[in-house]
Amino acid sequence: MMPAYNSFQLYMGDTLKFTITIGSSGSTYFIPDGSIFKGAVKEKGRANVVADFDASIVSASAGKVLFVLPSDSSKLLNANKNRVS
């Protein structure tokens with residue numbers, strides 16, 4: 001599996017939520033039981049994780065996964081660093 005990168009802008013202390021749909025060529029994929037999804041914020045060019053997203057399957061049959069970066073995690077991010085998630 002390859003990592004995917006998304007850029008977001010948020011204010012420290014905000015909760016960031018986004019949903020992804022797993023699919024290809026207009027078709028969604030069923031998410032099997034026991035599947036695990038992870039998301040993390042890392043400083044650009046560095047390996048260490050500075051915050052983790054909570055991930056949950058919203059609809060296994062529609063291939064939808066919800067990622068949430070809680071406000072208590074986002075308020076710890078350093079606004080002076082260039083970060084990617």
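Here, residue 1 is the first one in the sequence, and each next residue gets the next number. Note that the structure is a prediction, hence the values are computed from the model and not measured.
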Could I get the full list of side chain to side chain contact (heavy atoms under 4.5 Å, CB included) partners for D33, not counting sequence neighbours? none
With a 3.5 Å cut-off and sequence neighbours excluded, list the donor-acceptor pairs that the side chains of residues 49-57 form with protein atoms.
none

Going by the rule side chain to side chain contact (heavy atoms under 4.5 Å, CB included), which residues pair with S61 if we only count those two or more places apart in sequence or in a different chain? F30, S59
Partner residues of K17 under the side chain to side chain contact (heavy atoms under 4.5 Å, CB included) criterion, sequence neighbours left out: T15, L66, V68
Is it the case that one hydrophobic cluster holds both Y29 and I20, taking links as side-chain heavy atoms less than 4.5 Å apart, direct or via other members? yes
For S71, enumerate each residue passing the side-chain hydrogen bond (donor to acceptor under 3.5 Å, both in side chains) test, keeping only those at least two apart in sequence or located in another chain. none
Looking at every heavy atom in both D72 and L76, which two are closest together, and how far apart are they? O-CG, 3.5 Å
To the nearest 0.5 Å, tell me how far I31 CD1 sits from F37 CZ. 4.0 Å
Closest non-hydrogen contact found for Y11 with S74 is O-OG, 4.1 Å
Distance (rounded to the nearest 0.5 Å) between D14 CG and K75 NZ: 12.5 Å
